[in-house]
Amino acid sequence: MGIDRKHVLIACAIAGAVLGLVLAVLQAAGPFPTSDLHGMPTGASRSTGFMLAMAPLLAAWGFTIHLRCSDALIARYLKANAALCVAWLLIVTLKYPTGNDHLVSIMWYLYYVPMLLTSTFSLFSAMRASALDRIPATSYAKRAVLAIDAALIALVLTNNLHHVVFRFSFDDPLWSGSYTYGPGYWVVLGWIITQIALFFACSFAAARRQLRSAFVPLALIVGVLGTYTVLYILRFLIGSNLALVYSILLISCLEIALDLGILPSYYWRESMFSALPFNLRILSRTGEVALHTALFQPSAHDDALHSMLLQSDLSRRSISSFRTTAVPHTLFRGYNVTGGSALLAEDVTAIDDRRETLEQQQDSLRAHNELLKHRHAIDSVLYRTQQERALIDEIEQTLAAKTRRIDDLLSDLPRGNDPQSLAKRRERLTEVKLLIAYCKRKGGLVLAGKSDPAFNRERLQLVFNETAADLRTLGIDCAALVDVKRVLPASTVSVLYDCLYDFAAAAFAASNPILMLFVSDKAEAGEGEGSGDGVAVGQHRRVVEMRAALEAGGSSQSKGYTRSLEELRRVLERRNVRFALDIAPDGATLAVQVSEGEGVA
């Protein structure tokens, strides 16, 4: 928003008033002193009336800052400037009636406390308005500025000890007019000028492009102040009231900055509240609208909304949210404020549209999920059916082969009663017994799949123990240990049966056999989808592992020994398992791992 006529007129009026007041002060101070004037100037005492009139005006201006400035920290800085100016005028008023030279000098030095601090607080206000205080380094810069101020103030107040700022001698009765400036004075003056320059730099950087023309009247006032300072230093205006002129120019400069928006200010709270970009209203305790923003539009549902807000019991809760079907796509929030309540209306059309879209997607996903569950149930039934069918087919083929082997053994039994025929017949009948036990166990898997398809540790241990006991009765030293902590599917048990009985058959056909069996389960990390095991990377699968060791005496064994182990190799190769089988004349070792659900070709 550009600078309108109102702002230009205000700036011109303030500049004219400042110049008029400066001229009035100079006239009240009498004629300009000449260069040979060395006595104490009397012009300041003649401006006491102006100071007494200016002090209440400065206090009133500070009170308006409390009402107008929307930034609490900047308002605090500006009110501090007003208080410093009032204190400065008070010091000037009390200085001249004092008869003690040392006390007069100290009160003279106190002039530089408000001169330094007002420029500092003005700089801090500009830094706050330009948002430089958000930078972490700004806090250190402020501390450095205050430290320099404190050092310079201490330097001025202790001037009687070193005379670095002002050079004079109390032995001279006219010392207050015959002093000269020391290097410390120029340091203090340079620091004040630096802070004023930084104030303009920060304000210019913070102002919008449309507001930068507002610096023209500010520059005019600063030019007047600079001219006055130069003339005062050169002793052409030594009889004027520095405190009064400086205070008028400083407050005029800050007032223009507030009026033109360089520093945040609102003339009325109503205009500040109305400019808020919210649909907000302030209600009294009786439900009447006391204030509202420009976005608020009265409607026929306001009474019902106010009644709902009053019934929400904000005294116990600081915030209350509610919605009504009378005003769709709007969320109302009630806030407890002093003397009443605030009602904020938020347009949530976009949120409602997204919620509706998400609900539709959720319904679609829920239906798709149910479909997937149904499909999974069907696939599970089909998979179990296929596994059962494959297991039955595998058992039928195995039983058919074992049955043929039994027929061959029974049809070829020796008929004689001599010791050799009896031993051979006994050996073949023992093999038939093992084959029948094997057929019984394998056939039981078909029935178990219909009634109780899960094999726990006790059930599997019983089968292995029975087989080990049968082998020991036949002269085979055998031991079996089962350490399985979960139930096993029938396909896995089928593989274990093949390993058990084929090794038992090989041990039966070996010389002086010793057979050891150990079955356990463990968790194994998945290799990923590319491995074909269906287990993702990072997941674990349960694996049943069987280790068997057969030791046999002698360097050569019978054909049954080799045939049983080779038959076991062919069976395992047809299955979806991992195994390692080593066959030697003096023994054999087997390590087979079966994952859950595997084992059927």
Side-chain angles (χ1 to χ4, degrees), residues 32-41 43-44 81 84-85 87-88 91-92 95-96 98 100-124 126 140-202 222-247 249-250 253:
F32 291 166
T34 60
S35 59
D36 58 353
L37 178 61
H38 298 291
M40 180 183 296
N81 279 351
L84 288 170
C85 290
W88 192 1
I91 293 173
V92 175
K95 169 188 172 184
Y96 289 98
T98 304
N100 189 308
D101 288 345
H102 289 279
L103 183 58
V104 169
S105 66
I106 294 299
M107 298 183 72
W108 176 30
Y109 300 153
L110 288 175
Y111 287 8
Y112 291 88
V113 176
M115 287 180 67
L116 286 167
L117 293 183
T118 52
S119 58
T120 296
F121 291 149
S122 299
L123 172 60
F124 287 176
Y140 298 103
K142 287 184 177 180
R143 295 173 185 174
V145 170
L146 293 175
I148 295 174
D149 286 344
L152 294 179
I153 290 173
L155 179 68
V156 174
L157 293 179
T158 58
N159 184 71
N160 289 341
L161 301 177
H162 48 71
H163 290 92
V164 175
V165 182
F166 299 104
R167 295 174 178 174
F168 61 88
S169 175
F170 285 114
D171 296 334
D172 184 2
L174 303 177
W175 62 269
S176 61
S178 60
Y179 64 87
T180 58
Y181 300 110
Y185 177 82
W186 303 113
V187 173
V188 173
L189 182 62
W191 177 241
I192 294 175
I193 295 174
T194 300
Q195 292 192 92
I196 294 175
L198 291 175
F199 167 80
F200 273 87
C202 294
V222 173
V224 172
L225 179 60
T227 303
Y228 174 82
T229 302
V230 172
L231 294 176
Y232 191 88
I233 294 174
L234 296 177
R235 307 297 180 89
F236 289 104
L237 297 177
I238 192 64
S240 64
N241 193 326
L242 176 63
L244 187 60
V245 175
Y246 188 90
S247 299
L249 295 177
L250 173 66
C253 183

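- A distance of 12.5 Å separates OH in Tyr112 from CD1 in Ile153, rounded to the nearest 0.5 Å.
- Within 6.0 Å of CZ on Phe170 lie more than 12 heavy atoms contributed by other residues, nucleotides or ligands.
- Among all heavy-atom pairs drawn from Gly182 and Arg167, the shortest one is CA-NE, 3.9 Å.
- A heavy-atom distance below 4.5 Å is found between the side chains of Trp175 and Val104.
- Between Leu84 atom CG and Phe121 atom CZ the span is 6.0 Å, to the nearest 0.5 Å.
- Under the side-chain hydrogen bond (donor to acceptor under 3.5 Å, both in side chains) criterion, Tyr109 pairs with Asn159, Asn160, sequence neighbours left out.
- Using a 30° and 60° split on the angle between ring planes, Trp88 and Tyr111 fall in the tilted class, from 30° to 60°.
- Contact of the Trp191 side chain with the Val145 side chain is registered, since non-hydrogen atoms from C-beta on lie closer than 4.5 Å.
- Across all their heavy atoms, Leu250 and Cys85 have their closest contact at CD2-SG, 3.9 Å.
- Rounding to the nearest 0.5 Å places CZ of Phe124 at 10.5 Å from SG of Cys202.
- Classification of the Phe168-His163 ring pair by plane angle, with boundaries at 30° and 60°, yields perpendicular.
- Every residue two or more places apart in sequence or in another chain was checked for a side-chain hydrogen bond (donor to acceptor under 3.5 Å, both in side chains) with His102, and none qualifies.
- Taking Thr120 as the reference, Asp149, Gln195 meet the side-chain hydrogen bond (donor to acceptor under 3.5 Å, both in side chains) condition, with sequence neighbours excluded.
- Residues passing the side chain to side chain contact (heavy atoms under 4.5 Å, CB included) test with Leu198 are Leu123, Thr194, sequence neighbours excluded.
- Atom OG in Ser105 sits 13.0 Å away from atom OH in Tyr179 (nearest 0.5 Å).
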task = Determine, step by step, whether Tyr246 and Thr118 satisfy the side-chain contact (heavy atoms from CB on, under 4.5 Å) criterion, reporting the C-alpha distance in whole Å, the side-chain angles of both residues, the deciding distance to 0.1 Å, and the verdict.
result = CA-CA 10 Å; Tyr246 188 90; Thr118 52; 3.7 Å; yes
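- For the side-chain hydrogen bond (donor to acceptor under 3.5 Å, both in side chains) test, residues two or more places apart in sequence or in another chain that qualify with Thr158 are His162.
- Residue Val156 is tested with Leu110, Val113, Val188 for a side-chain contact (heavy atoms from CB on, under 4.5 Å); the sole match is Val188.
- Heavy-atom minimum distance, Ile106 versus Leu157: CD1-O, 4.0 Å.
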